[in-house]
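Scroll down for the structure; my scribbles are underneath it.
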Amino acid sequence: MSDRDWVAEQQDQSVSERLAAEALIVDVDGYEGPLDLLLSLSRTQKVDLRRISVLQLAEQYLGFVNKAKALRIELAADYLVMAAWLAYLKSRLLLPPDPSEEGPSAEDLAAHLAFQLERLQAMREAAARLMARDQRGRDFFVRGHPEEVTRARTVRYTASLIDLMRAYARLRTKDEFRPFVMDRDHVFTMEQALERLRGLIGYAASWSDLESWLPEGWDSNPMRRRSSVAAHFAAVLEMAKRGQIELRQGDTFAPIEIRRKESE
Amino acid sequence: MTDQERSLFDAPPIAEQERMVEAILFAATEPVTVADLKRRMPHGCDPAEALAYLRRRYEGRGVRLVRVGDAWAFRTAPDLGHLMQKEVVEQRKLSRAAIETLAIIAYHQPVTRAEIEEIRGVAVSRGTIDQLLEMEWIRFGRRRMTPGRPVTFVVTETFLDHFGLESARDLPGLKDLRAAGLLDNRPLPGSMQRPEDEEEDLSGQTELFED
Amino acid sequence: MTDQERSLFDAPPIAEQERMVEAILFAATEPVTVADLKRRMPHGCDPAEALAYLRRRYEGRGVRLVRVGDAWAFRTAPDLGHLMQKEVVEQRKLSRAAIETLAIIAYHQPVTRAEIEEIRGVAVSRGTIDQLLEMEWIRFGRRRMTPGRPVTFVVTETFLDHFGLESARDLPGLKDLRAAGLLDNRPLPGSMQRPEDEEEDLSGQTELFED
């Protein structure tokens with residue numbers, strides 16, 4: 001179709017078609033992107049998509065965008081990107097080809113756009129054909145009363161020789177480094193102290209010496225005593241930080257006293 | 001005694017095997033693979049042969065034996081769907097975007113999200129893919145060996161089962177679409193895509209359908 | 001036109017009615033009564049007659065048409081019930097506690113529970129010992145002639161079988177473990193391991209096997 005034909009056809013465009021074009025704009029939200037819109041516009045050409053006039057389509061699209069602007073309809077960015085690209089394509093299609101210019105020809109770009117439209121159309125039709133097929137739960141049905149398949153589950157535990165050797169190696173290795181393993185017997189950890197105090201702190205309504213809170217059996221042996229004091233001291237600092245208790249010390253090296261913090 | 005020899009003595013007659021396959025498939029709602037049938041039947045059975053007999057037996061009946069990928073199931077004949085109103089489960093309405101995305105995945109698989117977006121000309125929303133994944137109609141395929149190693153999507157056996165397809169090759173109009181070049185991944189002329197990528201993409205698509 | 005007359009014209013052929021009953025019963029979640037069938041089938045159908053045909057058709061098949069009260073349903077043939085069971089053997093790795101306990105028993109047998117606990121540095125739960133006993137990888141050995149006469153544990157033939165050992169003596173020693181790279185322990189900084197320790201360990205082990 002030559003350009004002149006197209007102009008002539010534009011003039012012939014009936015009022016109803018123009019109204020339809022306006023309806024398109026109002027309905028811009030209904031389009032799934034610029035390609036969808038182009039496909040809708042292409043239908044007005046009433047030709048096979050393979051013979052579509054991309055130039056005419058570009059005109060229609062740009063017209064659409066202009067009308068949308070006039071009506072102050074905000075178009076999403078991708079519609080505007082497509083408009084810019086189509087404006088470029090249109091100018092390339094209208095101007096005589098510049099032999100010095102590199103890259104794809106305007107015809108190649110137009111052919112690609114036509115291909116995209118045809119492919120989208122084909123996928124639409126394929127989707128429709130797919131949905132028109134007999135569907136499970138609508139046209140055909142599965143067994144309504146499946147019979148239980150009982151599963152006789154046998155658990156078989158396995159281990160390889162390597163697992164066994166690794167386990168043993170791990171144990172023996174632990175043994176070899178025994179001197180460097182902390183002797184846990186005389187260690188009271190901060191976690192233990194925290195755990196312990198959390199249960200007891202409710203009873204500390206008035207100021208009392210931290211040392212009176214040490215666990216039984218941890219004050220005779222000096223190593224145990226040191227560890228438990230340190231652990232409990234660290235624990236009360238942590239609890240004070242969390243706002244669970246209050247701490248005070250009258251003087252340097254004076255006993256440290258703790259008290260439950262009343263919740264306000 | 002070798003397996004071969006033993007099977008000659010032990011395998012039940014084929015008519016009996018047919019009964020067994022019939023019972024197993026009747027009891028199941030979901031398709032059962034040939035391998036699974038073999039596991040559940042006595043040693044030396046040939047479920048594939050039994051299935052062939054059984055399929056013929058149910059031709060034209062009210063229920064039919066259908067193949068779904070590598071698996072088999074009994075399904076009611078589609079022409080009797082109108083009698084089943086009582087069994088119809090309300091189906092979730094799929095959006096137009098979801099239906100199109102599904103069709104693109106089915107016809108172009110394995111396909112990346114970028115390719116779906118290129119075909120539809122619009123971004124695919126996270127929710128659309130999620131919905132199809134949740135329905136188990138699509139799943140992740142192999143990663144594409146292109147920069148960024150994007151994941152691909154393919155359709156599942158559940159999809160095939162739902163639409164009564166034996167395999168993705170049986171999608172309606174697939175041959176025509178391919179012949180028309182509409183399943184090609186044709187990049188925009190002059191775009192940056194390297195030709196090697198393209199070739200790989202193409203082989204990926206055909207691979208699935210040709211076997 | 002009376003109902004009687006209409007049915008003469010409208011009712012589908014009995015073979016078709018049989019298909020309908022077949023599909024309805026197949027898809028139904030519960031047994032269906034004749035009255036219910038009649039309601040769901042086209043006007044003028046005779047489900048009772050169709051049922052009779054259908055029942056005969058399924059005689060001797062893998063599924064049968066059975067009467068449940070005054071309703072009908074398909075059920076697997078009773079002689080094929082065994083197919084409705086799926087053997088699932090689940091392989092599970094032994095827990096770390098179990099494998100360590102087993103290793104100690106293998107390397108130090110006969111060994112008491114207290115000795116195991118001493119080597120592992122933590123208590124051995126009843127369940128762990130029970131599990132190993134149940135797997136028949138360990139058994140009770142002779143009682144130790146010490147106060148309290150504690151029971152000892154030794155490994156079994158089944159254990160040796162599973163691990164492909166001729167005897168517990170074939171278990172690799174510490175040197176072998178190191179050679180095999182299984183003792184790639186990163187010593188704690190500043191540790192001073194004397195090579196003699198190793199030799200001692202080995203001699204200690206062999207001694208333990210001399211029961």
Do you know which of T76(C), T101(C), L102(C) has the most heavy-atom pairs under 4.5 Å to chain A?
T76(C)

Within a reach of under 6.0 Å around CD of E136(C), are more than 12 heavy atoms found that belong to other residues, nucleotides or ligands?
no

Mind listing the closest non-hydrogen atom pair of F141(A) and F26(C) along with its distance?
O-CE2, 3.6 Å

For E30(C), does the CD atom have more than 12 heavy-atom neighbours from other residues, nucleotides or ligands under 6.0 Å away?
no

Those residues at least two apart in sequence (or on a different chain) that pass ring-ring contact (aromatic ring centres under 6.0 Å, His included) with F140(C) are F153(C)

Would you find more than 12 non-hydrogen atoms of other residues, nucleotides or ligands less than 6.0 Å from R242(A) atom CZ?
yes

For F74(C) and R143(A) the tightest heavy-atom approach is O-NH2, 2.8 Å

